Amino acid sequence: MQIEITEKVTQQDQEALLTGLRAFNSQFIDTKDWHDLGVYARDERGNMLGGLIGKRKGDWLCIDFLWVSEAARGQGLGGELIREAEKRIRDWGCHHMLVDTASFQALPFYQKCGFTLHNTINDFPHQGMQRHYLTKTL
């Protein structure tokens, strides 16, 4: 056996690792209905004003990214993106949402949207910052 340490993870190495991990996990979790969800807001020229990208995992939507442009902030677009995602996942039979956010990002926003804070990790990713994990039951 040889141990290799690298700071450059290749797509091939990542796929090999994920293939093994998915094979193990499939003994316990049915992933046939896991898939992506994108909810995007665009202006009349097609420029993105904001969006949400997540993954359905069983009864959950895990929000990976939510962003609203500076020009569109404060106008309710973030909440609208969350509500549209909720509509879609309800159609799929999902009952929960999960998101994480850094202390300098959007904790109050998610709480205003009905998410409940479950865990905070201090000093992540740097001293004085926090990472917050929130869920919402639909």
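Everything numeric here is computed off the predicted structure, so don't read it as measured data.
Using a 4.5 Å heavy-atom threshold, the side chains of L52 and W67 count as separate. Residues V68 and L49 are not in side-chain contact: their nearest non-hydrogen atoms beyond the backbone lie 4.5 Å or more apart.
T135 and H118 share a donor-acceptor pair across their side chains, judged by distance under 3.5 Å alone.
Here H96 pairs with W60 under the ring pair (Phe, Tyr, Trp, His ring centres under 6.0 Å) rule; sequence neighbours left out. Residues passing the ring pair (Phe, Tyr, Trp, His ring centres under 6.0 Å) test with F65, sequence neighbours excluded: none.
Between the side chain of T101 and the backbone N or O of A106 there is at least one donor-acceptor pair closer than 3.5 Å.
Here the SG atom belonging to C62 is positioned 11.5 Å from the CG atom belonging to D36, to the nearest 0.5 angstrom. To the nearest 0.5 angstrom, Q130 atom CD is 10.5 Å from L117 atom CG. The distance from atom CG of L81 to atom CG of L66, rounded to the nearest 0.5 Å, is 5.5 Å. T31 contributes atom OG1, which lies 8.5 Å from atom CG of N25 (distance to the nearest 0.5 angstrom). One distance of note links OG1 of T120 with NE2 of H132; it measures 5.0 Å at 0.5 Å rounding. Atom-to-atom distance recorded for K8:NZ and D13:CG is 11.0 Å, nearest 0.5 angstrom.
Within the hydrophobic cluster formed by Ile, Leu, Val, Met, Phe, Trp and Tyr side chains joined at under 4.5 Å, directly or through other members, I3 is accompanied by M1. Its side chain within the 4.5 Å cluster rule, I121 clusters with F124, Y133 among the Ile, Leu, Val, Met, Phe, Trp and Tyr residues.
By the 6.0 Å contact criterion, CD on E15 is enclosed, its count of non-hydrogen atoms from other residues, nucleotides or ligands being greater than 12. The number of heavy atoms from other shown groups lying within 6.0 Å of CD (E7) does not exceed 12. Crowding of Q2 atom CD: a count of heavy atoms from other residues, nucleotides or ligands under 6.0 Å not exceeding 12.
Salt-bridge annotation for E86 and R83: absent, with no side-chain N of the basic residue lying under 4.0 Å from a carboxylate O of the acidic one.
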From CA spacing to verdict: salt bridge (Lys or Arg N to Asp or Glu O under 4.0 Å), E70, R73
CA-CA 5 Å; E70 289 290 334; R73 286 191 187 149; 2.5 Å; yes

I would like to know whether L107 and L134 meet side chain to side chain contact (heavy atoms under 4.5 Å, CB included); could you show each step before the answer?
CA-CA 9 Å; L107 177 61; L134 303 99; 3.7 Å; yes

Assess the residue pair I89 and L138 against the criterion (side chain to side chain contact (heavy atoms under 4.5 Å, CB included)); give the C-alpha distance rounded to whole Å, side-chain angles, the decisive distance to 0.1 Å, and a yes or no.
CA-CA 9 Å; I89 67 171; L138 305 179; 3.4 Å; yes

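Residue F109 is grouped with residue L77 when hydrophobic side chains (ILVMFWY) are merged at heavy-atom distances under 4.5 angstrom, including chains of intermediate members. Under the 4.5 Å side-chain heavy-atom criterion for ILVMFWY residues, no single connected hydrophobic cluster contains both L37 and M48.
Nearest approach of G58 to C94, heavy atoms of both residues: O-SG, 3.7 Å.
The side chain to side chain contact (heavy atoms under 4.5 Å, CB included) test with L61 singles out one residue from K55, H95, M97, and that residue is M97.
Among residue pairs with one or both ends in residues 7-54, those qualifying as ring pair (Phe, Tyr, Trp, His ring centres under 6.0 Å) are F24-F28, H35-W92; sequence neighbours excluded. Residues in residues 122-135 take part in these salt bridge (Lys or Arg N to Asp or Glu O under 4.0 Å) pairs, two or more places apart or across chains: D100-R131.
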